[in-house]
2 protein chains.
Amino acid sequence: MMDEPAVERLRAAGLRPTRQRVQLVELLFSDGHRHMTAESLHADAGAAGVQVSLATVYNTLHQFTEAGILREVVVDASRSYFDTNTGDHQHFFVENDGTLIDIPGDEIAVSGIPTPPKGHAVDRVDVVVRIRKN
Amino acid sequence: MMDEPAVERLRAAGLRPTRQRVQLVELLFSDGHRHMTAESLHADAGAAGVQVSLATVYNTLHQFTEAGILREVVVDASRSYFDTNTGDHQHFFVENDGTLIDIPGDEIAVSGIPTPPKGHAVDRVDVVVRIRKN
DNA sequence: TCAACAGATTAGAATAGTTCTAATCCCGTG
DNA sequence: CACGGGATTAGAACTATTCTAATCTGTTGA
């Protein structure tokens, strides 16, 4: 009756706890927050002995994002990043090596956002501080 | 001796004023600021009777960005946007239709950006206010 | 328990946006 | 005005992502 946490989390998100999803949740949420791309997660999964296809990694990333247990971070036009931290925060993006670093939401603040055009509502405010190694 | 403005602008940017580049500059900078993708610019050029290949549009967008007369805006993981406004400003991004709207730089402000990790310098701070039609 | 079905997974094909290649073209110098 | 090197081009190639259609697996209900 008492499911393990990964299964719980999937059930709570309305997702059927399949082997692949359970293992990906364990990989993603067992040790602090992570940033990843589909490719990097697929590689990490393989390295951790989790057998899952790239297609499923893509499906899962989108389902998790949809379900609110992951957040997509748009910083690079050439690929999608995901973040296990779905709370209020922003990012440094190291342009040299494509790395993300969290900025806590209580440190950074955006003021003076104009009222959106009539009939539009603000969905989210993203701040990306682009930095580079020198 | 007195070149037309488009040619001037290209010379100033250190770019050889070829037919395609001159015509693209005229299209881009003759009537207020514009937001575009490579595909949309290629289509607009065609509609304006400017004969230019898609490859050249891509080359030109990158060269102009490099030269500082265009700015790239990263809002969508699936394609690149460019903006003729290179001054200090931010954007609304209408998620429904992939449209950009400028937010003047003197209206919006970001405070509390932490010091970047040692050996890194801030390149730019981008704010994207994601909105959706309701 | 287990049959059966809906949903999930998969390999590989397909697609979209972008970059590359190598041939041709054309701007600016002499 | 010839020439050389950068610019342009069509189309191939590439990369990240999505789609397809076949197979598999959780879950439900008898």
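We use all heavy atoms of the structure for the numbers below, so side chains are in, but hydrogens, waters and symmetry mates are not. Below, chains carry the letters A, B, ... as their sequence lines are ordered, and counting in each starts from 1.
- If you take CG of B/Leu24 and P of D/dA7, they are 14 Å apart, rounded to a whole angstrom.
- Taking atom CE on A/Met36 and atom P on D/dA16, their separation rounds to 17 Å, with Å as the unit.
- Judged by the 6.0 Å and 45° rule, A/Arg130 forms no cation-pi pair with A/Phe92.
- Rounded to an integer number of Å, the gap from A/Gln23 CD to D/dT25 C1' is 14 Å.
- Remark: side-chain polar atoms of B/Ser30 are paired, donor with acceptor, to backbone N or O of B/Glu26 under 3.5 angstrom.
- With sequence neighbours left out, B/Arg124 forms a side-chain hydrogen bond (donor to acceptor under 3.5 Å, both in side chains) with B/Asp126.
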Atom pairs and distances, side-chain donor-acceptor, residues 13-20 of chain A, under 3.5 Å, sequence neighbours left out:
residue : atom : partner : partner atom : Å
A/Thr18 : OG1  : A/Arg21 : N            : 3.3
A/Arg19 : NH2  : A/Gln51 : O            : 2.4

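- At its two ends the helix from C/dT1-D/dA30 to C/dG30-D/dC1 runs along axes set 30° apart, each axis drawn from five pairs and the angle rounded to 10°.
- Transitive grouping of hydrophobic side chains (ILVMFWY, heavy atoms separated by less than 4.5 Å) keeps B/Val73 and A/Val110 in distinct clusters.
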- Note on the structure: Once base and sugar-phosphate atoms are separated, protein heavy atoms under 4.0 Å mark nucleotides 16-22 of chain C, 5' to 3', with B, S and - as -SBBB--

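- Within the 4.0 Å cut-off from OP1 or OP2 of C/dG28, at least one side-chain nitrogen or oxygen of B/Arg11 is found.
- Contacts of A/His89 classified as ring-ring contact (aromatic ring centres under 6.0 Å, His included), with partners at least two apart in sequence or in another chain: A/His91.
- Using a 4.5 Å heavy-atom threshold, the side chains of A/Thr65 and A/Phe82 count as touching.
- Between the CZ atom of A/Phe82 and the P atom of D/dA16 there is a distance of 14 Å, rounded to whole Å.
- Comparing C/dT9, D/dT9, C/dT10 by their nearest atom to the side chain of B/Val52 picks out D/dT9.
- When the side chains of ILVMFWY residues are joined at heavy-atom separations under 4.5 Å, either directly or via intervening members, B/Val75 and A/Val128 end up in two distinct hydrophobic clusters.
- One can place CG of A/Leu15 at 12 Å from P of D/dT27, the figure rounded to the nearest angstrom.
- A close approach under 4.0 Å does occur between a side-chain nitrogen or oxygen of A/Thr56 and OP1 or OP2 of C/dT10.
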Please tabulate, one pair per line, all N/O donor-acceptor pairs under 3.5 Å involving side-chain atoms of residues 112-120 of chain A, not counting sequence neighbours.
none

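- Summarising the geometry, the separation between CG on A/Leu41 and P on D/dA16 is reported as 15 Å, rounded to the nearest angstrom.
- Toward the 5' end of DNA chain D, the nearer of the two residues B/Arg16 and B/Gln51, judged by each one's closest nucleotide, is B/Arg16.
- In this structure, A/Leu10 places its CG atom 18 Å from P of D/dT25, rounding to the nearest Å.
- When the side-chain nitrogen and oxygen atoms of A/Gln63 are compared with OP1 and OP2 of C/dA8, none of them lie within a distance under 4.0 Å.
- The phosphate of D/dG26 (OP1 or OP2) has no side-chain N or O of A/Arg19 nearer than 4.0 angstrom.
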